[in-house]
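One-based numbering, in listed order, for ligands and for the atoms of each. In this chain, numbering begins with 1 at the start of the sequence shown.
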Amino acid sequence: MSKVGGKDTKPELIVRSLLHRMGYRFRIHRTDLPGNPDISLPRHRKVIFVHGCFWHGHVECPRAKRPSTNREFWQKKLDKNIERDRQNVTKLVALGWAVLVIWQCEVKDLPKLKQRIEIFIGKDTEQSGISTEDDKIRGH
Ligand SMILES: [Zn+2]
């Protein structure tokens with residue numbers, strides 16, 4: 001894993017092609033939003049980050065294990081990444097965006113991933129034009 005941190009990482013491409021197959025329209029790497037989200041769905045006002053487990057500090061993930069050498073260097077660097085991520089999420093939420101983080105290690109299980117995305121975005125909203133979220137709110 002030497003290329004982690006680059007823009008078109010493999011997990012990100014997998015998520016993008018999945019979204020495409022699910023019929024969602026999205027934009028990538030919008031520079032006008034905090035953190036330049038990997039994927040944004042303007043129509044739903046939702047963004048998705050595809051995070052590398054190591055660089056973004058996936059909690060309790062074996063891939064996020066920190067190197068035992070240069071401990072201080074890595075701690076500073078990775079803590080900074082995590083803090084930046086946190087701030088970006090806060091900013092996005094303040095702007096009215098919902099945020100989903102997909103971790104690199106979660107991309108392997110496509111059916112599960114698909115389900116998470118459907119729950120996050122709201123099933124059928126794109127194709128049928130029926131907003132299930134609004135229905136839920138009205139139903140209460
Ligand atoms: Zn992970």
Query raised in the report: Rounded to the nearest 0.5 Å, what separation is found between the OH atom of Tyr24 and the CD atom of Glu118?
Result: 5.5 Å

Query raised in the report: So do Ile39 and Arg16 actually touch side chain to side chain, heavy atoms under 4.5 Å?
Result: yes

Report summary line: Between the CG atom in Asn88 and the CZ atom in Phe49, the distance rounded to the nearest 0.5 Å is 5.5 Å

**Report entry** Distance criterion under 2.8 Å: protein N/O/S atoms around the Zn ion (ligand 1)
**Finding:** 4

Query raised in the report: Taking only residues at least two apart or on different chains, which pairs with a member in residues 64-82 satisfy salt bridge (Lys or Arg N to Asp or Glu O under 4.0 Å)?
Result: Arg66-Asp79

Query raised in the report: Would you call the rings of Trp103 and His58 parallel, tilted or perpendicular if under 30° counts as parallel and over 60° as perpendicular?
Result: parallel

Query raised in the report: Looking at Trp97 and Arg30, what are the two nearest heavy atoms and their distance?
Result: CH2-NH1, 3.7 Å

